[in-house]
**Student:** 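Right, I'll just put the structure down here and ask away after.
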Amino acid sequence: MSRILEIENFKLSFYGPQGRVPAVRGVNLYVNAGETVALVGESGCGKTALCRAILGLHSSHAKVEGGSISLMGIRVTEMTDRQLEAVRGRCASMVFQDPMTFLNPTFSVGSQIRDAILLHEKVSRKEAEVRAVELLKMVEITQAEERYRQYPHHLSGGMRQRVAIAIALACNPDMIIADEPTTALDIRTQNEIMELLKKLCREQGKAMLFVTHDLGLAEKMAERTAVMKDGLIIEQGKTAEIFENPKEEYTKKLLSYVAYGKGTSHYHGKIDGSAENEEAAVTIDNLKKSFPLGRGTFCRVLEDFNLTINKGEIVGLVGPSGSGKSTLARCIMGIYEPEAGCIKVAEGLKLQMIFQDSASAFNPRMKLWEIIAEPADIEARREKRRMGKKEMCIMAQKAAEVCGLEKDLLERYPYNVSGGQRQRAAIARALITNPDFLIADEPISSLDVPVQSQIVHLLKKLRDERNLTMLLISHDIPMVEHVSDRIVHI
């Protein structure tokens, strides 16, 4: 069995205003052809940092401080950026965690798949276009020919993730690095996509490094599992042995969360359709919304949708990927204009939204304190008042403290914090203007189960303390049930 990836005593650190921050601290790992290896661990343990280093995707603030990474026997850690361009896509490709940050918003999804093929394959433009449509069908995107011409913002989070997988498969790489490839997908679609990736790897002899916080999925998909903590792999071996007889206390802790993930839950909300306060915050009547697919065809997302959300309640909105959950949220916020129907918002109600992809919602050139304070600054400008840096910093610190975000992280940029920390910053940003109504669109989809639990409990705590009204959107029914007063299926 040929060795596709070999990592030996690899060390990586980030350098910034706070000095040196070790991210990977001496990792040893290998993946063979036709094998799937799961890399598991909590948010911030170094999984994504390691994956990006394999393809040399880190910016100049990251420094390799020791060890080596080899692909197909070639040391990529000794390659120049120009040499790495030939490796990316052909030898190995990556399915990124946040497809909205990976996909270019100014190009159609089909053209992005086509261009990936043209970059490495000696084929005509027409042949690349045909292959791109085939890949869209392979990852089970319906109406592939029409979707080819659409842009990323036209697609649901799950469909964008499928496009990201199609791009990764475009040049038939020897290895796929899948960094949380199914976080935006409902459980049925998640299983279908992973089965597809597994089948392709097995039939075509591809290696796969599967990064996930879903240990149940790791157990199902991987022959071997490596457990990562604080930049180190603390335990690795055959998946069955790791799950049946874990040696490290940290591994045992992670495994204790498996039953708490998708499929089971316990409840804090009422889940009985009732609400103590019958005064409506938002009323939606016969809402319709569709998107053009081109050539006179349309995709109907919402059809005569009705919903009333009462003041002070948490309403959970659940449904599979592409069912219209995020479209509904954007209609309520006024980002999308409905074709028909009516949305009534109670007088004086202030709305804010936590977006699905905090990485794409944040400006990467702004520090976290600037990102958190920005809505307050905008509101002040509308009132013809200017906020100074000191006032903004103090406001950001207070909002961050409420959300459990450490003060020393506020000087960092979004790419220098973990997914859980970034999500807390997104909540702090939404709360800084003291809204009455909060829409949380998939606020926990990219987080590991312990952090998911922390975030949903934080949202419930904020509702209770501030008497917030909340629309909590997810495809993860157990987590929504855990804190919601009412569940609506779409």
Side-chain angles (χ1 to χ4, degrees), residues 3-14 21-32 35-59 61-65 67-72 74-77 79 81 84 87-99 101-102 161 164-165 167-169 173-184 194 197 201 206-214 217-218 221-222 224-234 236 359 414-420 422 446-448:
R3 180 92 18 118
I4 302 295
L5 171 70
E6 185 154 21
I7 303 172
E8 297 179 306
N9 196 30
F10 183 73
K11 299 174 183 177
L12 178 82
S13 293
F14 295 115
V21 180
V24 183
R25 301 190 295 130
V27 162
N28 293 282
L29 184 68
Y30 68 90
V31 186
N32 293 320
E35 180 183 43
T36 297
V37 174
L39 182 62
V40 303
E42 292 180 288
S43 176
C45 70
K47 305 187 299 293
T48 296
L50 178 63
C51 289
R52 287 179 173 271
I54 295 169
L55 293 176
L57 295 175
H58 286 296
S59 58
H61 74 289
K63 303 292 183 186
V64 175
E65 298 183 330
S68 65
I69 299 176
S70 298
L71 275 171
M72 308 291 290
I74 304 169
R75 288 200 174 190
V76 294
T77 42
M79 287 183 170
D81 286 341
L84 281 167
V87 171
R88 299 172 188 142
R90 180 173 289 280
C91 292
S93 60
M94 189 164 175
V95 181
F96 292 89
Q97 182 173 347
D98 299 307
T101 58
F102 164 67
Q161 195 69 292
I165 293 169
I167 292 174
L169 296 171
D174 298 294
M175 179 173 184
I176 294 172
I177 302 165
D179 185 9
E180 302 280 10
T182 60
T183 56
M194 287 312 304
L197 281 172
C201 289
K206 297 182 189 297
M208 180 161 64
L209 180 60
F210 173 39
V211 181
T212 184
H213 58 250
D214 188 335
L217 195 56
M221 301 304 303
R224 287 190 297 114
T225 295
V227 182
M228 197 166 185
K229 180 179 185 290
D230 298 331
L232 291 166
I233 290 180
I234 61 168
Q236 61 178 306
Y415 50 77
N416 278 339
V417 297
S418 71
R422 195 167 54 236
S446 62
L447 306 177
D448 53 82

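When reading the values below, keep in mind they use all heavy atoms of this one structure, side chains included, and skip hydrogens, waters and symmetry mates.
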**Student:** Rounded to the nearest 0.5 Å, what separation is found between the CG atom of Leu12 and the OG1 atom of Thr77?
**Tutor:** 11.0 Å
**Student:** Any heavy-atom pair between the side chains of Met208 and Val37 that's under 4.5 Å?
**Tutor:** no
**Student:** Does Leu55 offer a backbone N or O that forms a donor-acceptor pair with the side chain of Arg88 under 3.5 Å?
**Tutor:** yes
**Student:** What's the spacing between Leu5 CG and Glu35 CD if we round to 0.5 Å?
**Tutor:** 10.5 Å
**Student:** Taking all atoms of both residues into account, what is the closest heavy-atom pair of Met94 and Cys51, and its distance?
**Tutor:** CE-CB, 3.7 Å
**Student:** Atom CD1 in Ile69, atom CD in Glu8: separation rounded to 0.5 Å?
**Tutor:** 10.5 Å
**Student:** Output the distance between atom CD1 (Ile233) and atom CD1 (Ile7), rounded to the nearest 0.5 Å.
**Tutor:** 7.0 Å
**Student:** In terms of ring plane angle, is the pair His58 and Phe14 parallel, tilted or perpendicular, where the classes change at 30° and 60°?
**Tutor:** perpendicular
**Student:** Please answer whether the main-chain N or O of Gly41 pairs with a side-chain N or O of Lys229 as donor and acceptor at a distance below 3.5 Å.
**Tutor:** no
**Student:** Could you measure the distance from the CG atom of Leu84 to the CG atom of Leu71? Nearest 0.5 Å is fine.
**Tutor:** 9.0 Å
**Student:** I'd like to know if the side chain of Arg25 and the backbone of Asp230 have a donor-acceptor N/O pair within less than 3.5 Å.
**Tutor:** yes
**Student:** What pair of heavy atoms forms the shortest contact from Gly26 to Asn9, and how long is it?
**Tutor:** CA-OD1, 3.5 Å
**Student:** Tell me the closest heavy-atom pair linking Ser13 and Glu65, and the distance in Å.
**Tutor:** OG-OE1, 2.8 Å
**Student:** If only atom types and distance count, is the side chain of Lys47 paired as donor or acceptor with the main-chain N or O of Leu39 below 3.5 Å?
**Tutor:** no
**Student:** Do Met194 and Pro181 come close enough that some side-chain heavy atom pair is under 4.5 Å?
**Tutor:** yes
**Student:** For Ala207 and Val31, work out which heavy atoms get closest and say how close.
**Tutor:** CB-CG1, 3.6 Å
**Student:** Does Met221 form a side chain to side chain contact (heavy atoms under 4.5 Å, CB included) with Leu197? I'd like the steps, not just the answer.
**Tutor:** CA-CA 10 Å; Met221 301 304 303; Leu197 281 172; over 6 Å; no
**Student:** Test your reading of the model: is there a side-chain donor-acceptor pair from Gln236 to the backbone of Arg224, 3.5 Å cut-off?
**Tutor:** no
**Student:** Does Ala222 have any side-chain contact (heavy atoms from CB on, under 4.5 Å) partners at least two apart in sequence or in another chain, and if so, which?
**Tutor:** Thr36, Ala38, Thr225, Thr239
**Student:** Atom OG in Ser93, atom NZ in Lys206: separation rounded to 0.5 Å?
**Tutor:** 7.5 Å
**Student:** Assess the residue pair Phe10 and Val64 against the criterion (side chain to side chain contact (heavy atoms under 4.5 Å, CB included)); give the C-alpha distance rounded to whole Å, side-chain angles, the decisive distance to 0.1 Å, and a yes or no.
**Tutor:** CA-CA 8 Å; Phe10 183 73; Val64 175; 3.6 Å; yes
**Student:** Output yes when a side-chain donor or acceptor of Asp179 lies under 3.5 Å from a complementary backbone atom of Phe96, and no otherwise.
**Tutor:** no
**Student:** Do Pro173 and Arg90 have side chains that approach each other closer than 4.5 Å (heavy atoms only, starting at C-beta)?
**Tutor:** no
**Student:** Given side chain to side chain contact (heavy atoms under 4.5 Å, CB included), test Val95 with Gln161 step by step and report yes or no.
**Tutor:** CA-CA 8 Å; Val95 181; Gln161 195 69 292; 4.2 Å; yes
**Student:** Applying side-chain contact (heavy atoms from CB on, under 4.5 Å), can you list everything that pairs with Ile74, at least two apart in sequence or on another chain?
**Tutor:** Met79
**Student:** Please report the shortest heavy-atom distance between Val24 and Gly46, naming the atom on each side.
**Tutor:** CG2-O, 4.2 Å
**Student:** Are any non-hydrogen side-chain atoms of Phe210 and Leu217 less than 4.5 angstrom apart?
**Tutor:** yes
